[in-house]
Amino acid sequence: MAEKENMSKGSDASTTMFCTSRGAASANGSVETKQCAESNGNKVILDTEPPTIPKRRQELLKWNGWGYKDSKFSLNKDGNVEFTGERYRLSGSVMPLLKDWMKSTVGISLDHKTPSQPEIPAANIPLPVKNDEFVAELRKTGIALSDDCQDRLFRSHGHTLHEIFTLREGMFERIPDLAAWPSCHNDVVKIVELAVKHNVVIIPFGGGTSVTSSLECPAWEKRMILSMDTSQMNHILWLDEKNLTVHVEGGIIGQDLERRLAERGFCTGHEPDSMEFSSLGGWVATRASGMKKNIYGNIEDLLVHVKFVTPRGVMEKSCQVPRMSAGPDIHHVIMGSEGTMGVVTEVTLKIRPLPPCKKYGSIVFPSFENGVNCLRDIAGQRCAPASIRLMDNEQFQFGSVLKPETKSLITSFLDGLKKFYVTKLKGFDPLKLAVATLLFEGTKEEVAALEKRVYEIAAQYGGIPGGADNGERGYMLTFVIAYLRDLAFDYYVVAESFETSVPWDRCLDLCQNVKERLHGECKDRGIQFPPYITCRVTQTYDTGACVYFYFGFNYRGIPNPVQVYEDIEGCARDEMLANGGSISHHHGVGKIRKQWLKKTVGDIGVGTMKAMKAYIDPQNIFANNNLMMGDHSKL
Amino acid sequence: MSEQSRNAWITKDDPKLVSSKHKDNFEDILEDRRHNSDLRYCSRTRDVPSFRLNKKRTPQQVKEHVLKSDRVQYAVEQVCVETQLPRTEVLTQAASIVDEMAHNLRLGAVRGFAYFLMKVLKQLYQRIYVNEEGVEKVRSLIQDYPVLIMPTHRSYMDFLLMSYVFYHYDLPLPVIAAAMDFMGMKFFGWLLRNCGAFYIRRSFGEDSLYWAVFTEYVQTQICNGDTPIEFYVEGTRSRTSKSYTPKFGMLSAALEPYFKSQVSDIMVIPVSISYDRVLEESLYAYELLGVPKPKESTSGLLKARKILEEDFGNIHITFGEPVSIRKFSDGKVDRSMHSLAPRYIVSLTQEEQSLIRTLGYHMVLVHQHNMVISPWSMVAAVLMQSQQGVTVRSLVHEVDWVKRLASNLGAYIDWPVNESAEAIIRHSLALHPNIVSVGSDDVVTLLQVSPPVAHGRSAQQQQIQQFAVMQNAAQHIMLSLYRNQAIHVFLRPAMVSLAINSCKEEELSLDLLYQKYVFLENVLCRDFVFIPGNTRKDFEHTLATLAHIGVVVVEAGAVVVKKSTNKTTAFLSHMFEPFLLGYWLMCQFLLSSRMQVAAKPLARTQKTLTREMQVLAARLIQEETIRHFEILSLDMANNCLHALFHMGGISKEKRDGVTYMYPNVAKLSTITEQLGTYTAVPPLPAVSINLNTKTVTVNAKL
């Protein structure tokens with residue numbers, strides 16, 4: 001999952017009018033739109049495709065869960081789990097093994113359901129704080145606005161466990177008072193200027209896929225809060241084939257960007273797991289990382305130029321060069337700023353020609369340890385494919401229960417044969433083995449050569465090729481697992497993922513110790529069902545790796561599951577830091593990890609961030625209270 | 001009888017009925033062995049729990065791992081640079097260190113050993129009691145955590161017993177950190193190695209290669225949770241039956257994997273082993289008096305065969321509450337401090353080291369708390385204070401009183417409920433015929449022991465033994481060993497009592513009382529174990545205890561001295577008199593030599609000082625100036641010197657690599673004077689003693 005927020009501009013998009021509130025109760029919702037002021041003379045808009053995600057996001061997306069409304073795991077009439085919709089390869093398939101797995105692994109009982117509240121009626125939604133002069137002046141700009149309850153609610157959260165749980169069971173104390181859809185850089189500049197003038201808080205909103213509570217409004221904020229939704233700023237402004245760069249508005253979401261570039265034969269290669277929904281500006285603001293970073297790099301490697309609108313004005317470099325020595329890099333102030341200092345409006349990214357050949361693969365290792373050692377070796381030899389991930393045994397097993405009903409006898413026969421080969425002939429313990437999933441990209445020859453080399457190294461660690469199918473399913477899993485959490489929510493399970501980065505020499509110890517710690521903390525807190533804990537190594541570097549954990553438990557009998565969950569995740573984070581791991585590899589700090597920031601970067605580090613914030617945003621307009629802002633716990 | 005039964009579910013209607021196997025929480029593990037086949041017992045299948053995350057390895061694979069480890073490779077590299085030796089040679093050195101160190105735990109050897117050991121145990125002891133509940137805790141912990149077993153160390157038997165208990169309960173046999181001295185024993189050295197002993201040199205401070213191999217050897221077994229690791233936090237067998245102050249080398253090495261986050265937690269399990277009668281009692285007595293301990297040898301052990309004909313009573317083994325190092329250190333250390341360098345290079349932080357020290361002390365106190373106190377120990381405490389002999393009748397009376405006091409102070413006493421006090425005490429006396437005898441007039445007196453034949457005794461020892469007094473001393477020292485088994489129970493209340501008893505005023509303010517308590521803690525800190533930094537808490541707890549049992553009366557922030565000087569405070573004070581007197585004499589002795597070199601007090605080695613002090617003490621006892629034979633103990637003298645050094649009363653300097661000590665006259669005089677206030681000190685005559693043809697004059701007129 002994810003990255004998020006930020007903002008942008010739009011241009012032409014003759015924004016459609018739409019009217020308002022669902023319930024009779026909220027009568028005053030209204031949306032206004034207008035064209036981006038003076039369609040920026042010097043800009044060549046490459047496309048006019050409307051944004052994939054509409055202004056009224058709730059019409060397409062779940063209001064209280066992950067992803068598209070039409071796609072979800074549900075129990076069909078035979079009592080089996082089925083994935084609905086038509087969007088994904090898994091859509092429409094039945095996973096007969098999943099139900100029993102859920103029962104045996106996390107103690108789910110179909111008799112004990114915890115369905116979500118059906119809706120949050122307008123009556124329960126806090127009244128908006130209104131800064132009338134601000135609203136009046138803002139209306140004059142013609143930028144699209146809405147104070148519709150559901151529009152405001154949708155922009156009050158990301159996808160952190162406690163946020164979704166709150167949507168399902170309760171209500172936020174504070175939500176944005178107004179949503180605005182700027183359609184271009186200049187719109188953003190205007191909004192920020194007015195906000196400064198009238199002392200209004202701005203919280204940028206990109207894809208809304210944050211998992212750090214960074215979109216949540218501080219409950220104590222008395223000023224009016226404007227949620228700046230950048231989704232209408234989704235245009236590719238130009239593409240330069242000589243320099244291999246593309247200039248894009250910050251609100252574009254990942255799938256749109258890649259699809260439109262592909263039409264021109266290019267790609268950025270930046271594919272975070274949330275790319276269906278997360279936005280370019282959000283990637284920049286959170287220092288995102290993509291699955292294929294081994295070839296294309298992380299966001300900091302891809303970024304050539306960025307326009308950043310702050311309360312002081314627009315911060316940007318005057319050239320777009322491959323590298324320069326000009327003091328501390330201001331891009332690195334912007335990247336990871338998490339909406340605390342300004343809004344990313346336009347970004348120039350590196351692009352690459354689309355690779356002619358793309359191939360999945362997998363390797364089965366006798367144990368996770370063998371797998372980690374192999375990944376380290378591959379990273380050390382700098383021959384990692386576009387993506388290489390290592391799933392531990394629990395995750396491998398989970399992957400296999402997601403297998404759709406076998407449609408042919410041949411397939412099931414082949415599966416059986418494979419299993420026989422691995423466990424009987426190779427002597428792998430099915431309860432110990434680990435699987436690496438691979439994605440190769442390049443020319444056919446490159447891919448073939450790399451494949452050969454990788455499998456040769458793997459062989460030295462007892463790894464045997466496990467087929468492309470297993471590899472592909474591994475990647476699919478990362479896209480659907482977010483949907484699966486919503487199913488779990490229905491049956492007394494709270495679950496979440498978190499990640500860290502760690503040097504190679506600590507990697508195995510970290511994985512093991514964090515798991516042990518989680519098990520121990522669950523036991524100490526009286527959780528009566530076995531928790532589900534699994535990890536995978538998702539990125540490799542010369543010096544270390546990124547490790548990703550899933551953790552969930554059945555909370556029947558626990559009165560405050562979210563609190564318990566957060567306490568335990570806190571323990572896990574302590575354990576990661578004690579094990580030489582980091583506060584986060586790519587999710588960011590937001591609000592939920594602020595307590596470890598000081599320990600991570602030191603007093604002077606935090607002081608420096610605060611000083612920058614104080615200069616750039618003395619009035620604290622960007623008051624989302626993320627990162628270095630506000631009080632840090634004693635740690 | 002059966003008609004008397006009021007309820008059908010009571011099968012034996014006798015309140016005083018005692019189970020032959022169970023007592024309180026304890027279970028006698030010898031009972032079944034007396035009725036069943038030993039051979040079948042030793043060859044049965046053992047279903048042993050193991051650590052969940054363990055990867056099975058043979059002892060040989062452990063050795064290979066050690067040599068290949070980053071830590072040892074790094075140390076080898078360093079040594080190569082320092083010594084210019086070729087790498088292969090240093091590697092060979094490392095390999096030979098591992099070979100010397102490593103255990104070779106094999107079930108076959110264990111079974112054979114268990115068979116033999118059980119025969120011996122059944123012969124020597126009546127019952128071996130183990131708290132089953134504690135063992136079951138160990139069983140479940142072993143599956144989830146790496147486990148350290150930390151027993152008390154009062155006898156060679158500890159080592160064998162622990163393995164036997166683990167064998168008995170189908171637990172994985174621990175590997176045991178043993179001192180090199182065992183290795184010299186031909187058959188036993190081999191046998192113990194095959195039963196899980198690994199051998200460590202006593203000191204290897206500077207040898208970085210040895211250190212690396214040792215650390216890695218211990219740590220890899222902890223990280224992989226191969227087997228529980230057993231070691232003695234007191235470092236060595238306590239010759240005095242008191243707890244020794246903890247040692248931290250092995251403890252640090254064993255806990256480091258937690259601080260370096262190689263494991264998520266380590267469980268430390270304290271085990272207290274109490275003996276009704278200690279196998280080595282007379283050996284200890286002579287050792288404390290300065291007769292060197294015979295080097296461990298197989299033939300020596302075999303000679304001990306006649307021991308087999310004696311009765312050594314019961315043993316109680318208490319597995320204490322496991323300590324999770326994670327919970328113990330929660331909030332006190334920051335493990336991420338080790339994130340910035342490879343873990344095999346960086347050392348532990350200050351906080352971690354100090355935490356390990358605290359844990360060491362804590363474990364010793366837990367040991368003490370879990371000790372089962374035998375009635376004999378209280379008999380010894382009473383006898384120590386009635387050296388002229390005492391009738392059984394009044395002994396029973398006094399011991400019963402001490403028993404109640406000890407219970408109130410938190411001791412667990414092994415006092416059979418179905419026996420009369422007199423029967424219990426007579427039984428105790430009968431168990432120690434080599435220390436006490438009951439005369440025809442029912443008066444209990446100490447017996448003489450014949451000193452063991454020591455080979456090549458030096459002129460100095462002969463000289464010491466000139467004094468007839470040393471003959472008697474051994475008996476007294478032996479008796480003191482048994483009093484020491486319970487002395488920790490009385491220690492802190494006695495410190496308060498001493499302060500109160502020494503007060504000449506009507507009232508003693510709590511502040512002043514605390515000051516005195518602090519002084520006594522400083523003085524006694526080597527002979528007894530105090531957690532550093534815990535003084536205030538200890539004091540307050542002790543005072544509250546004494547107030548609640550009605551011994552000390554506190555009114556308006558002060559102790560009412562008159563109401564608080566009573567039998568209890570007198571008894572407690574007397575118990576510690578030998579220590580204070582011994583210290584005082586040492587001080588006098590140190591001060592008296594200050595004139596010997598004009599400008600500066602004469603510096604002497606610790607050994608010389610303690611020997612000379614002993615000669616002086618012997619002389620004073622002979623002249624009946626002092627009655628306490630205990631002050632002849634070299635251990636007490638050494639502890640005294642350490643405490644004085646700690647308090648600034650003496651200083652140390654190195655000459656030719658040997659440490660010499662000399663008094664800081666001003667400071668030492670103050671300490672001496674203060675000591676004198678806590679106990680009745682005798683007037684010291686000017687004494688000249690002849691030591692190795694050198695005459696030392698102690699001038700008491702200071």
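Residue numbers begin at 1 in each chain, while the letters A, B, ... track the order of the sequences.
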NZ/NE/NH1/NH2 to OD/OE distance under 4.0 Å, Asp524(A) and Lys327(B) |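 Lys327(B) and Asp524(A): salt-bridged.
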Gap separating the CE atom of Met576(A) from the OG atom of Ser339(B), nearest 0.5 angstrom |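 Those atoms lie 13.0 Å apart.
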Where does Lys55(B) contact chain A at under 4.5 Å (heavy atoms): side chain, backbone, both or neither?
->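 Answer is side chain: those atoms of Lys55(B) sit under 4.5 Å from chain A.
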Portion of Leu53(B) that has a non-hydrogen atom of chain A nearer than 4.5 angstrom |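 For Leu53(B), the side chain is the part near chain A, not the backbone.
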Could you walk me through whether Asp509(A) and Ser261(B) pass the side chain to side chain contact (heavy atoms under 4.5 Å, CB included) check?
-> CA-CA 7 Å; Asp509(A) 285 343; Ser261(B) 295; 5.9 Å; no
State whether the side chain of Arg343(B) and the backbone N or O of Asp505(A) hold a donor-acceptor pair below 3.5 Å, judged by distance alone.
->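 Yes; judged by distance alone, with no hydrogens or angles, the pair exists.
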Can you check whether Asp334(B) reaches Lys599(A) side chain to side chain, under 4.5 Å on heavy atoms?
->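 They are in side-chain contact.
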Mark yes when over 12 heavy atoms from residues, nucleotides or ligands other than Glu133(B) sit less than 6.0 Å from its CD; otherwise mark no.
->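 Incorrect, the count does not exceed 12.
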Can you establish whether the number of heavy atoms outside Ile604(A) located under 6.0 Å from its atom CD1 is more than 12?
->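 No, the 6.0 Å shell around CD1 holds no more than 12 heavy atoms from other groups.
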Interface residue of largest heavy-atom contact number with chain B, from His519(A), Arg506(A), Lys515(A), under 4.5 Å =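 Of the candidates given, the most pairs with chain B belong to Arg506(A).
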Chain B interface, residue from Leu508(A), Leu577(A), Asn579(A), Leu510(A) that has the most non-hydrogen pairs under 4.5 Å =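 When all of Leu508(A), Leu577(A), Asn579(A), Leu510(A) are compared, Asn579(A) has the most.
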Part of Lys523(A) lying under 4.5 Å from any heavy atom of chain B |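 For Lys523(A), the side chain is the part near chain B, not the backbone.
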Check the pair Asp144(B), Glu516(A) against side chain to side chain contact (heavy atoms under 4.5 Å, CB included), reporting the backbone distance first and the verdict last.
-> CA-CA 9 Å; Asp144(B) 289 339; Glu516(A) 287 294 294; 5.6 Å; no
Over all atoms of both residues, closest heavy-atom pair of Asn513(A) and Val263(B) =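 Reported closest heavy-atom pair: OD1-C, 3.2 Å.
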Can you check side chain to side chain contact (heavy atoms under 4.5 Å, CB included) on Glu575(A) and Ser264(B), steps first, answer last?
-> CA-CA 8 Å; Glu575(A) 193 64 34; Ser264(B) 78; 4.3 Å; yes
